[in-house]
Amino acid sequence: MSARERLANARSGKLRPAARQSSENVALPIDNLELTADLMSVTPEKADSTTQVAGTAAHGRERLRLDDVSVFYGNTPAVKNVSLSISHGEVLALIGPSGCGKTTLLRTLNRLTELTPNASHSGQILLDGDEIDELVDTDLRSRISMVFQQPNPFPMSIFDNVGFALREQSRRRPRRPELEPLVNQALQRAGLYEEVRGDLGRSALRLSGGQQQRLCIARAIAQKPEILLMDEPCSALDPRSTAVIEDLIGQLSKDLTIVIVTHNLQQARRIADRVAFMYLGDLVEIGETEQIFTAPREQQTREYIAGVFG
Amino acid sequence: MRRPRGIFVPLLAVAALAGAAPAAADATTTLHLDGSTAAFPLLELLTAKYEAVEHHHVKFIVGQGGSSVGITDVANGTVNIGDAAAPPTSSNPAGLYFYPIARYFVDVVTNPANPISNLTTAQVQAIFERKVTNWSQVTGSSLSTTIDVESRTSVAGVLTTFASDFLLGKTSLVWPGATQWSSEALLQKSVEGDPNSIGFLSDYNAITKKLNDVAFNGVAGTVANVENGTYPAVADFYEVTKGPARGYSASFIGWIQSSKAAKKIIETGWLPLTSTKAVSG
Amino acid sequence: MASAEPYSAPSLLPPRRRRRGRRSSLRSWRLRDQAVFVLAWTVGIGLFAVVAALVGFFAVRGAQYLRPDLLVTHPAPSVSQAGSGGFLDAIEGTVLLGVIGLLIAAPIGVTTAVWVVEYGRPRWLSRIVESTVEMIAGTPDIVLAIFGLALFELGVFAPLSYSEPGGAFGRSFLTAGAMMSLVALPSVYVATRNGLVATPRQLREASYALGKTRIATIRRVVLPGIRRDIATGSTLGLGRIIGDTAIVILVLGATLRIDTQSSTPLLGLLRGTGSTLTSYIYGNSPAGEGGAPQKASAAAALLLLIIIGLNWGVGRIGRIGGPPLHEPKRRLGA
Amino acid sequence: MLDRVRRPWSDHSAERLLGAVACLLAVGIILMIVFIVRGAWPTFSHEGLSWLGSGGSPDSQLGAMAYTSSKPPPSAFVVHAWPLIYGTILTAGFAVLFALAISLAASIFIVDFAPPLVRRTMKPIIRLLAAVPGVLYGLVGILVLVPLINKYLVTESEQQSVANVIQLTGGGLGITIVLVTLMITPIMTALITDALESVPRAWREGAIALGLNPLRATLAVSLRAIRPAIIAATGLAAARAIGEAIVVSMVSGGNSFAPNPADGKIFFFEPVETLGSEIVRVAEDLGAPAVHSTLYAFAALLLFSSFALSLSAYLVKLPLRRYQVSS
């Protein structure tokens with residue numbers, strides 16, 4: 001069973017409500033965790049009330065919507081007037097040659113670009129209809145979590161890594177017994193549990209590259225985000241680890257919206273529901289994966305896919 | 001390949017300094033002195049004058065390592081003359097000759113805010129032995145605060161001199177809880193900044209600073225009273241040589257003890273000698 | 001439909017007012033975090049205040065008492081402050097001692113760093129050498145001074161100062177400089193080592209590929225590439241030499257003037273004694289016999305000025321010449 | 001190329017020569033130990049280790065020594081240095097504790113919060129503070145701070161309450177701690193800032209991407225990662241703190257008293273001396289053989305303590321190099 005087929009299964013209506021429910025049932029035993037409240041407050045009506053824009057997928061309700069978004073470093077635009085919309089439970093791949101603004105766009109979605117002193121953006125980014133600039137940054141980022149290109153486990157134990165966000169975000173530091181089930185669950189979802197369960201106290205830096213990246217995924221999903229951003233998560237990994245992670249993405253998309261930046265066209269084709277092609281900061285084309293790869297509308301997309309440039 | 005130029009700039013500086021260094025005339029003898037910091041200002045004046053008198057045929061190097069260092073150095077033979085602010089003690093190496101060169105005397109001082117004019121022997125002893133702790137117990141003081149006793153580290157020459165006539169000659173009588181300063185100036189600063197304090201300074205330091213000089217048993221600490229022998233607590237500065245002074249050292253010491261020029265310098269802050277008898281340690 | 005606008009308006013400009021996204025409020029933080037946050041800002045401002053007070057204090061004193069003629073006048077023995085001259089000799093002594101200390105410390109520091117980083121075999125020995133530098137860095141200067149005095153009074157070292165039949169005087173620019181080199185050495189070593197570690201491997205490999213030996217590569221390629229690090233470390237070391245008091249008083253003799261030892265121009269000076277700005281300040285402040293507190297304040301202002309200048313220099317060194325070989329990582333604590 | 005003409009320096013001999021220079025340092029350290037221990041030997045041989053104990057005032061004991069003969073009997077070497085050792089631990093301990101808190105806060109401020117302009121000014125300022133000669137602090141201390149403390153902080157009733165034991169004149173434990181803290185804080189701040197800056201960006205960014213506020217990200221990840229560097233900086237600063245002599249001798253109150261914590265607030269106004277400051281204060285009497293030996297024993301104790309501190313600092317930060325974090 002290919003990742004693609006698994007993905008199709010995962011999307012076939014039946015599974016999703018169950019998955020959704022499961023994520024709500026695991027109420028965090030942590031008081032005062034804003035995250036829990038946010039999860040509960042998401043109302044489908046609100047999302048449905050927004051109008052459809054170009055590039056909306058047929059399935060799922062709209063979660064994230066970009067209207068005319070441009071991102072600048074100083075006066076130089078890195079992303080130009082991008083509008084698109086991302087629906088619940090889909091995997092959207094951003095492809096394009098180096099320096100086309102994919103990563104910048106991704107980092108804008110959870111406001112990580114704010115860490116760059118001279119970065120700014122215009123246009124609107126709405127998460128379930130709320131302008132993300134109006135949301136508290138820490139809340140936003142725990143709802144829209146991120147996995148980076150280079151695995152970046154913290155210099156601490158595996159357990160502490162996965163429990164990190166849960167532990168550090170709440171105002172009261174949860175105890176280990178409270179965290180344990182959540183950490184184990186996250187490790188299971190990230191497919192790492194079997195490999196490390198004997199020794200969660202081991203330093204995360206001792207893991208292999210592929211394991212480290214899965215640990216980072218476990219860390220990112222431990223706090224039950226709604227959207228997962230992945231910035232070329234496999235580019236630093238060998239093919240075997242890449243395959244494992246691609247499988248994992250398929251599994252995760254059951255109850256997560258995933259936006260993934262990738263350099264690897266075949267990877268995008270394997271795992272994505274929809275693909276957006278960016279070039280020099282412009283969103284050239286967005287569409288269903290098969291359509292982009294088999295019948296691209298734009299000349300540039302066709303040439304990029306054919307390997308004329310890139 | 002160009003070398004890092006920055007590192008070689010210092011070399012140039014050395015060369016420049018070497019050139020600027022005073023080129024000594026030929027046939028010069030150098031006398032090395034080291035020792036008492038208290039005597040240092042006087043020795044600097046005397047040596048400078050002597051160099052001029054001798055038309056720069058004698059040159060001096062005067063260090064200020066402290067009395068004991070000077071004595072050790074002269075005993076080891078690493079300097080020609082040691083400077084000491086106190087007479088020889090039993091801890092000094094044998095075979096040293098102490099030549100007195102000038103006298104100084106010690107004043108008891110208080111802060112100007114506590115203008116006591118006179119203290120008796122009994123009062124000074126009571127204060128420095130901590131038998132009284134409050135100024136209200138001291139007649140002549142309008143304060144009613146705790147007394148701060150400012151003393152010196154144990155073998156300061158000035159402390160020895162102070163104790164000789166105020167404390168039955170025993171420095172050990174000073175209350176151990178007193179503040180023990182390692183220099184006259186630190187003590188002077190402390191008395192200057194603290195209205196409740198009492199201390200003692202060599203007159204050279206006491207007169208130049210704005211402190212209250214206390215008379216002792218009705219006798220004020222003045223040069224006149226020292227000259228007429230009514231004021232106690234007078235002591236000598238010494239030049240120390242290994243064995244009897246010889247050669248250039250002898251002529252220098254002789255010049256200090258007898259010449260008018262030296263006497264003139266001594267009178268700017270100290271007292272000329274009454275006796276030039278050497279003491280051997 | 002699926003196509004976005006492929007070619008946007010020709011002149012796309014950033015928003016005029018940068019939007020600041022909503023941040024988590026301080027109140028939502030843990031109590032401890034709130035405290036740390038407040039502390040961080042307080043300390044940041046507090047440090048400014050301390051420096052401002054210190055510089056201000058000595059600037060006022062300097063403006064009151066620092067006169068240009070003090071810089072070019074020899075100190076003179078005098079009972080009165082007015083007659084005590086300037087501190088030319090102290091300035092010369094500071095410069096001379098700094099230069100001697102650095103001339104000893106820089107080659108040894110650089111050599112040691114090169115050996116530890118580039119060779120470092122056997123490993124235990126290089127560990128010992130490294131920890132030795134750490135120990136030197138932590139040794140109190142008063143202990144160094146006492147050691148210097150005990151060492152250089154040995155007859156063997158007589159040529160460094162001068163000797164009488166009983167032994168060596170032990171106090172001279174050379175002996176004090178030797179002790180001062182220990183004060184500066186850790187700075188030079190650390191800066192050089194950091195530079196060496198940061199030098200990219202490709203650079204060395206390129207040189208090996210041209211048939212150069214390892215030592216030739218180090219001398220002709222690596223060391224020139226990190227000369228800025230060496231210069232920075234040396235300047236920091238110089239700052240530490242200039243600021244030291246204990247060694248000057250015990251091992252340089254702290255004589256009022258520079259006293260040359262013989263008529264031989266350079267050697268006589270190096271074997272002679274003298275003072276530096278720090279010992280001048282110490283000697284004329286209450287801690288010494290306090291001859292001339294106003295002159296001490298003036299010298300203190302000058303010393304602070306020199307230290308500020310050196311720091312400014314350290315900042316500049318990194319920017320001289322072309323682009324650096326490795327990412328210019330400006331370390332504070334070299 | 002002129003190099004070609006000269007016989008190339010062989011790698012082997014170069015390695016040996018460089019190694020020899022490097023080992024020279026180790027030899028120097030051994031020499032230092034030998035000389036200082038040799039000077040201290042009479043005290044060790046006559047007193048054993050009992051001179052580390054308590055009993056009486058070191059000031060008086062050293063004073064008595066100065067009057068013993070030039071060939072002192074073993075009984076002349078009696079000293080009980082505990083008040084000085086206690087004073088050293090007390091001042092250095094408090095100073096390191098305060099300096100640690102301040103330098104952590106300052107480093108976090110500089111690296112993570114200060115606006116770029118402020119950050120650019122802060123760094124030279126820290127370096128400047130680290131380079132300020134101690135004697136300048138001492139000068140400000142004795143001229144300005146000690147009289148202020150005496151005037152405004154020490155009350156008459158407090159002075160009277162201990163009048164038979166010790167006198168409070170402004171100088172003492174408190175001001176000493178403040179000045180020593182001031183002297184070691186910049187060094188620690190510089191080292192910790194370096195370490196903090198070399199923490200991989202990915203760690204902090206990763207933590208922020210998980211929804212932590214910037215301060216929490218620093219505390220939870222960066223500070224944790226540089227813990228060894230913090231310990232090492234603390235060790236080095238502690239070595240400096242125990243050895244600080246001149247400044248302490250100027251403001252510490254001029255009496256080798258052992259401050260009593262039970263005295264409450266007065267504790268910080270009670271005079272104190274450290275091993276280093278006592279050396280400075282008594283250095284004038286170095287000529288008396290018993291004093292000479294005792295001061296060398298103090299120096300030996302200082303030397304070994306500072307070695308132990310800097311050595312453990314070195315060992316603690318060794319593993320750090322694995323992460324390429326500054327050492």
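What you are looking at is a predicted structure, and each value in this text was computed from that prediction instead of being measured. Residue numbering restarts at 1 for every chain, and letters A, B, ... go by the order of the sequence lines. These values consider heavy atoms only, across backbone and side chains, with no hydrogens, waters or symmetry-generated copies.
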Among the listed options C/T111, C/N311, C/T112, the residue most often paired with chain D at heavy-atom distances under 4.5 Å
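That would be C/N311.
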
Among C/L151, C/I242, C/D141, C/V114, the residue with the most heavy-atom pairs under 4.5 Å to chain D is C/L151

[Y] side chain reached by [X] side chain, heavy atoms, under 4.5 Å:
X	Y	answer
D/L17	C/W115	no
C/F147	D/L31	yes
C/V133	D/Y314	no
D/L219	C/R32	yes

Return the minimal non-hydrogen interatomic distance between [X] and [Y], and the atom names on each side.
X	Y	value
C/A40	D/A105	CB-O, 3.6 Å
D/P115	C/W41	CD-CH2, 4.4 Å
C/D33	D/L215	O-CD2, 3.1 Å
C/L125	D/C23	CD2-SG, 3.6 Å
C/G44	D/M122	O-CE, 3.7 Å
C/G138	D/A239	O-CB, 3.7 Å

Part of [X] lying under 4.5 Å from any heavy atom of chain D:
X	value
C/F57	side chain
C/R30	side chain
C/S131	both
C/V116	neither
C/V143	both
C/I128	side chain
C/L54	side chain
C/Y189	neither
C/I307	both
C/L303	side chain
C/L185	side chain

For [X], is it the side chain, the backbone, both or neither that has a heavy atom under 4.5 Å from a heavy atom of chain C?
X	result
D/M250	side chain
D/V144	side chain
D/F298	neither
D/I29	side chain
D/L136	both
D/L104	neither
D/I192	neither
D/A245	side chain

Report the C-alpha distance between C/Y282 and D/L139 in whole Å, list the side-chain angles of each, state the deciding distance to 0.1 Å, and finish with yes or no for side-chain contact (heavy atoms from CB on, under 4.5 Å).
CA-CA 9 Å; C/Y282 185 79; D/L139 212 55; over 6 Å; no

Does the side-chain contact (heavy atoms from CB on, under 4.5 Å) test come out yes or no for C/V43 and D/F109, once each step is laid out?
CA-CA 8 Å; C/V43 163; D/F109 176 76; over 6 Å; no

Apply side-chain contact (heavy atoms from CB on, under 4.5 Å) to D/T121 and C/F48, showing your working.
CA-CA 9 Å; D/T121 15; C/F48 260 121; 4.2 Å; yes

Run the side-chain contact (heavy atoms from CB on, under 4.5 Å) check on D/L143 and C/R61 step by step: do they pass?
CA-CA 13 Å; D/L143 295 181; C/R61 289 295 167 104; 4.3 Å; yes

Would you compute the distance between atom [atom1] of [X] and atom [atom2] of [Y] and round it to the nearest 0.5 angstrom?
X	Y	atom1	atom2	answer
D/F35	C/L149	CZ	CG	11.0 Å
C/W29	D/N213	CH2	CG	4.0 Å
C/I142	D/L295	CD1	CG	9.0 Å
C/L39	D/I102	CG	CD1	8.0 Å
D/L25	C/E130	CG	CD	12.0 Å
D/I246	C/T278	CD1	OG1	8.0 Å

C/R214 and D/E15 ion-paired at < 4.0 Å
no

Can you list every salt bridge (charged side-chain N to carboxylate O under 4.0 Å, His left out) pair that touches residues 103-114 of chain D, not counting sequence neighbours?
D/D112-D/R204

Against chain C, work out which of D/P133, D/G243, D/A14 has the most heavy-atom pairs shorter than 4.5 Å and name it.
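With the most close heavy-atom pairs to chain C, the winner is D/P133.
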
